[in-house]
Amino acid sequence: MINKKENLMDKITSLAKRRGFVFPGSEIYGGLANTWDYGPVGVELKNNIKQAWWKFFVKDREDVVGIDAAILMNSRVWESSGHVSGFNDALVDCKACKARIRADHLIEDALNMKAEGMTPEDMTKIIEENNIKCPVCGKKDWTDARKFGLMFKTYQGVTEYDSNIIYLRPETAQAMFVNFKNVLNSTHKKIPFGIAQIGKSFRNEITPGNFIFRTIEFEQMELEYFIKEENWQKQFEYWQNEMTKWLDYLGIKKENYSIREHDKDELSHYSRKTVDFEYNFPFGTKELYGLAYRTNFDLMSHQNSSGQNMEYFDTEDNKKYIPHVIEPTFGVDRSVLAVMVDAYCEEEAPTADGKTETRVVMKFNKKIAPVKVAILPLSKKENLSKKAKEIFDLLKTEFTCQYDESQSIGKRYRRQDEIGTPYCITVDFESLDDEAVTVRDRDTMEQERVGIGEVREYLREKLK
Ligand code: ATP
């Protein structure tokens, strides 16, 4: 099997476009940096991941409920959370070629050390002392590192006064804190319990363009789990374990990710302990997900700024307190990317004329594969198409199916392999007589004859 290669990202990006997973954003106008659009296959994959997450972290649990909050929130939310004053990246400009680069990334890539959380002054010094070159033009002519806010601003109403500034949310988390009392009062949940949300977030990031890894508009799946302070270590361990189970459920191979704890100076202002789940992407080992103990920083800040009481009355202890929070956070787009990298395989496969060729196959976990079944009539002859469409109609209500009658059967198999379809059903002339079809398995390429009357049950069993 040929798998991880240096140009794996190029291969995945090109497959993504060719097969309709992900397209460059606004492409016909020359694109818009760091934006991507999900195509017909990509949207299915992304939806499957989101639905699986919602089932795993919300529906299958008694102690977690969901919300879907507005993206635009009162600006005071972002003042209280610390984002207006503190959510920024230190950037340096190359005076020679005008490249603008995140100072921490420049240091990390050049010196293989962690620089997140350092002051701009320290980063400027490190860049100078180590004579770090511009990765674009190779010169050493940098500006000092300066901070740039990461939140996108817009204006509410028709007048562009500063007092009308509102922000596009840079994380979904704050909506869970702001709605803490609403959820509590409407559900009567007892601590420990969690509030979850899936939704878009926006960050005005400078990125080295690693496909959908870091974009300016992305989706997050976040869970704020409210606890008693004294239980934080136990809960942290519990959620770290749940996140590991989720990766397993997604089908991410164990050898491709690791867990790294943040150093003290790397921690966010609100956190006392954070771990990153890091995935071994082709461009380096990078954060896939995070798990943070946020203390009661957020609820406390919102209580102080809004004047609204955020306390919880614990009937067990007969005590009021502001709950502490453990936050497992997941990027949807980084999940899609990790799943694609993990699934990508190249292997030798026999051709119809007895030779071999390299086939590209996305070995997605069947649960999240974008298309589950492809129905392929061997020819476009009317009687075959009619039979094949009947089978499509029979299966489409239960499985995501694709009907395809263009080009040779070999080409159609390769196409389905590239989008990771676990089962292809071929309808041939014999099918008209024996009421049976050939089912091909994506991974083994083995073919089995199955009666049309049994095919639904057969797939149900296989895809369970
Ligand atoms: P990084 O260090 O890579 O910038 P972060 O620590 O700022 O990430 P968090 O604020 O913890 O990220 O966000 C939670 C999750 O949201 C991340 O683990 C990641 O999966 C996802 N995420 C964050 N920023 C982006 C982005 N710009 N594009 C895509 N996904 C993102």
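Counting convention: from 1, in listed order, for ligands and their atoms alike.
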Inspect the contact between E266 and K114 and indicate whether a charged nitrogen and a carboxylate oxygen are less than 4.0 angstrom apart.
no
Pair Y38 and F21, ring centroids less than 6.0 Å apart
no
Taking atom 11 (O) of ligand 1 as the reference point, the nearest protein heavy atom with its distance
E287 OE2, 3.5 Å
Can you find a side-chain donor-acceptor pair between S335 and Y289 that sits under 3.5 Å?
yes
For atom 20 (O) of ligand 1, which candidate among T329, L288, L150, L337 provides the closest heavy atom?
L288
Residue, atom name and distance, where the atom is the protein heavy atom closest to atom 7 (O) of ligand 1
R203 NH1, 3.0 Å
Pairs flagged by salt bridge (Lys or Arg N to Asp or Glu O under 4.0 Å) wherever residues 282-298 is involved - sequence neighbours left out:
E171-R294, R294-D298, R294-E327
is_close_aromatic(F180, F226), centroid dist under 6.0 Å:
yes
Are the ring centres of F283 and F213 closer than 6.0 Å?
yes
Considering only the protein, which heavy-atom contact is closest to atom 4 (O) of ligand 1, and what is its distance?
R214 NH1, 2.7 Å
The closest protein heavy-atom partner of atom 29 (C) of ligand 1 is F213 O, 3.2 Å
Excluding sequence neighbours, so at least two apart, what forms side chain to side chain contact (heavy atoms under 4.5 Å, CB included) with D63?
R61, Y225
Establish, yes or no, whether a centroid distance under 6.0 Å links the rings of Y257 and Y279.
no
Among all protein heavy atoms in this structure, tell me which lies nearest to atom 21 (C) of ligand 1, with the distance rounded to 0.1 Å.
G331 CA, 3.7 Å
So is F277 close enough to ligand 1, meaning a heavy atom under 4.0 angstrom away?
no
Atom 16 (O) of ligand 1: the protein heavy-atom neighbour that sits closest, reported with distance to 0.1 Å
Q220 NE2, 3.2 Å
When distances are taken from atom 30 (N) of ligand 1, the protein heavy atom at minimum range is F218 CD1, 3.4 Å
Can a non-hydrogen atom of E205 be found less than 4.0 Å from any atom of ligand 1?
yes
Min heavy-atom dist D333 to ligand 1 below 4.0 Å:
no
For ligand 1, the portion of Y289 having any non-hydrogen atom under 4.0 Å away
backbone
For atom 28 (N) of ligand 1, which protein heavy atom lies nearest, and how many Å away is it?
T215 N, 3.0 Å
Looking at F236 versus Y293, is the centre-to-centre ring distance below 6.0 Å?
no
